[in-house]
Amino acid sequence: MINYKEFFTELYDNCICEECDCHDTSEQYPTGGYEVTDADVEADEKMMHRITELMAVLEKSIPTNPSKWSAAKSAARQKFKVYPSAYANLWAAKKYKSMGGGWRSGKAE
């Protein structure tokens, strides 16, 4: 199970993108009475956009027809010496698609 709080905290702390100014430590924030500026809102929106993109990557593709997917994986096991492998999975996915199968998105486990 992925601990999303730790994952996103680490992602935020290790952000190395070039245009990212969300980690600018040159300006120290006062301890009290801090007024939120447009730049703060923009930085938060950028970070939320990055998190949304990452969540899309973390979603799991689920076959719409498990029996066809099982048959495609079985054929890949027979065709390739090493399974699972990137080539075998790609071949199995293409075979599954040619058999009329499809994919839907689901939450990562």
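Considering all non-hydrogen atoms of both residues, Asn65 and Ser67 come closest at OD1-OG, 2.8 Å. Heavy atoms only, all atoms of each residue included: Ala72 and Trp91 are closest at O-CZ3, 4.1 Å.
When the side-chain contact (heavy atoms from CB on, under 4.5 Å) test is applied to Tyr83, the partners found at least two apart in sequence or on another chain are Lys73, Ala76, Arg77, Ala88, Asn89.
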Would Glu45 and Met48 satisfy side-chain contact (heavy atoms from CB on, under 4.5 Å), going step by step from the backbone distance to the final call?
CA-CA 5 Å; Glu45 287 174 357; Met48 286 306 297; 5.7 Å; no
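Rounding to the nearest 0.5 Å places CZ of Arg104 at 4.0 Å from CD1 of Ile62.
Remark: side-chain polar atoms of Ser74 are not paired, donor with acceptor, to backbone N or O of Ala71 under 3.5 angstrom.
Under the 4.5 Å side-chain contact rule for hydrophobic residues, Met99 and Trp69 do not share a cluster.
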